[in-house]
Novice: 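First, the structure itself, so that you have it in front of you.
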Amino acid sequence: MNDDTLHAIATAPDLRELQALRVRLLGKKGELTEGLKSLGALPPEERRARGAALHERKRAVEAALEARKAALERAALDARLAAERLDLTLPGERVPAGAHHLLTQVTNRLLDVFASLGYEVVVGPELEDDRHNFGALNFPPDHPARDTQDTFWTTDGRLLRTHTSPMQVRYMESHEPPFRVVVPGRVFRNEAVDATHEAQFHQLEALVVGERITMADLKGAITEMATALLGSGTRTRLLPTYFPFVEPGAEFAIWWQHPKTGREEWLELGGCGMVHPRVFEAVGYEGVTGFAFGFGIERLAMVSYQVSDIRDLFRGDLRLLEQFRGVA
Ligand code: PHE
């Protein structure tokens with residue numbers, strides 16, 4: 001053994017080579033190990049001198065192995081750090097952020113208003129049956145709304161709900177009064193599609209039932225909604241009209257300034273009224289009164305944000321999301 005050995009250790013190219021050297025020198029059958037083992041065969045004086053030299057040599061080899069190992073490990077770490085180096089000054093990759101559809105925004109805004117007034121938000125099925133969509137809502141059997149002109153029927157006699165009012169019936173069938181609920185959802189009508197008519201649109205329905213609920217409460221609820229949307233002092237109007245499931249029934253409007261023309265005018269929103277006794281009868285309620293109202297979300301969204309063609313709301317065109325990002 002000579003200093004070529006120490007040189008070989010100091011220049012071992014990697015940890016594997018270094019380990020091979022360690023085995024060759026210090027392993028069970030390593031050169032130094034064998035040398036130390038053979039000491040026993042020597043005469044005592046010679047053994048002492050030779051032993052001291054071998055131990056000295058062993059320490060030097062061990063120190064060299066350790067030093068090289070540390071150096072190789074540090075170099076490996078440096079290389080890894082260099083490879084993983086992150087330049088925090090590079091411009092990031094732009095991740096396109098999603099956005100809520102205009103209708104979703106307007107719906108959420110409305111739901112926030114009603115949640116703050118203590119209403120529970122519930123949803124119902126879009127595929128309905130005749131009883132919930134019509135029968136229990138006091139539609140006469142020959143009512144034109146059941147006509148194939150308006151309603152999409154399935155071949156097994158069910159239908160796509162034509163309004164969110166069937167959820168009035170479903171909710172009352174499974175809950176006891178008093179309560180306040182709002183029902184957002186998609187509805188379907190077999191309409192000739194044009195700029196203001198779609199075969200699918202969305203409504204928001206409200207139903208409040210309890211003891212001594214009156215028309216004043218109905219007017220108050222609509223005014224609260226209008227105030228939350230448009231500010232305090234907003235006026236609302238109820239005009240008598242007919243829906244089979246309310247009595248008296250009315251259409252309601254809010255007084256507002258049209259965002260485009262700047263003119264102050266009534267914005268007709270939807271229908272409302274006091275829940276018809278026959279509806280309560282159909283769900284087995286007694287001794288309570290209640291009110292309901294429902295209106296189209298598209299119309300409110302379109303006039304508020306000047307969307308002139310309802311079909312644009314359903315085209316899936318990303319430009320609509322971009323144009324109305326975070327407006328409501
Ligand atoms: N469901 C009615 C419609 O779609 C609106 C309405 C709801 C009317 C609740 C009165 C009470 O036209």
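Counting convention: from 1, in listed order, for ligands and their atoms alike. Note that the numbering runs from 1 along the sequence shown for the chain. Note that this is a predicted model, so its numbers are computed, not measured.
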Novice: Kindly confirm or rule out an N or O of E205 lying under 3.5 angstrom from an N or O of ligand 1.
Specialist: no
Novice: Heavy-atom distances under 4.0 Å are what count here, so tell me which part of F295 touches ligand 1: side chain, backbone, both or neither.
Specialist: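 The answer is neither; F295 stays 4.0 Å or more away.
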Novice: How far is atom 5 (C) of ligand 1 from its nearest protein heavy atom, and which residue and atom name does that atom have?
Specialist: G294 O, 4.0 Å
Novice: Considering F293, Y242, F243, which one's heavy-atom position lies nearest to atom 12 (O) of ligand 1?
Specialist: F243
Novice: Do D129 and H132 have side-chain atoms, one donor and one acceptor, less than 3.5 Å apart?
Specialist: yes
Novice: Note the single closest protein heavy atom to atom 8 (C) of ligand 1, along with its residue, its atom name and the distance in Å.
Specialist: G271 C, 3.4 Å
Novice: Please determine which of V208, V209, I213 meets the side-chain contact (heavy atoms from CB on, under 4.5 Å) test together with T289.
Specialist: I213
Novice: Looking only at non-hydrogen atoms, which of F291, F252, F245 approaches atom 2 (C) of ligand 1 most closely?
Specialist: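 Among F291, F252, F245, the closest heavy atom to atom 2 (C) of ligand 1 belongs to F245.
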Novice: Pick one: which of V121, T164, L110 meets side-chain contact (heavy atoms from CB on, under 4.5 Å) with P184?
Specialist: V121
Novice: Is the shortest side-chain heavy-atom distance between N190 and T151 below 4.5 Å?
Specialist: no
Novice: Please tell me whether Y171 and E205 have a donor and an acceptor in their side chains that are separated by less than 3.5 angstrom.
Specialist: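 The answer is no; no qualifying pair exists.
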Novice: Quick one: nearest non-hydrogen protein atom to atom 4 (O) of ligand 1, plus distance?
Specialist: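 Ranked first by proximity to atom 4 (O) of ligand 1 is Q203 NE2, 2.9 Å.
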Novice: Any idea which part of R189 is under 4.0 Å from ligand 1, heavy-atom wise: side chain, backbone, both or neither?
Specialist: side chain
Novice: Could you state the interatomic distance from CD (E191) to CG (D150), rounded to the nearest 0.5 Å?
Specialist: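 Going from the CD atom of E191 to the CG atom of D150 covers 7.0 Å.
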Novice: If the contact criterion is a heavy-atom separation under 4.0 Å, does S165 count as touching ligand 1?
Specialist: yes
Novice: Pairs of donor and acceptor atoms involving the side chains of residues 293-306, under 3.5 Å and at least two apart or interchain, shall be tabulated with distances.
Specialist:
{"from": "E298", "atom 1": "OE1", "to": "H202", "atom 2": "N", "distance (Å)": "2.8"}
{"from": "E298", "atom 1": "OE2", "to": "H202", "atom 2": "N", "distance (Å)": "3.1"}
{"from": "E298", "atom 1": "OE2", "to": "H202", "atom 2": "ND1", "distance (Å)": "2.7"}
{"from": "R299", "atom 1": "NE", "to": "E268", "atom 2": "O", "distance (Å)": "2.9"}
{"from": "R299", "atom 1": "NH2", "to": "E268", "atom 2": "O", "distance (Å)": "3.0"}
{"from": "S304", "atom 1": "OG", "to": "L300", "atom 2": "O", "distance (Å)": "2.6"}

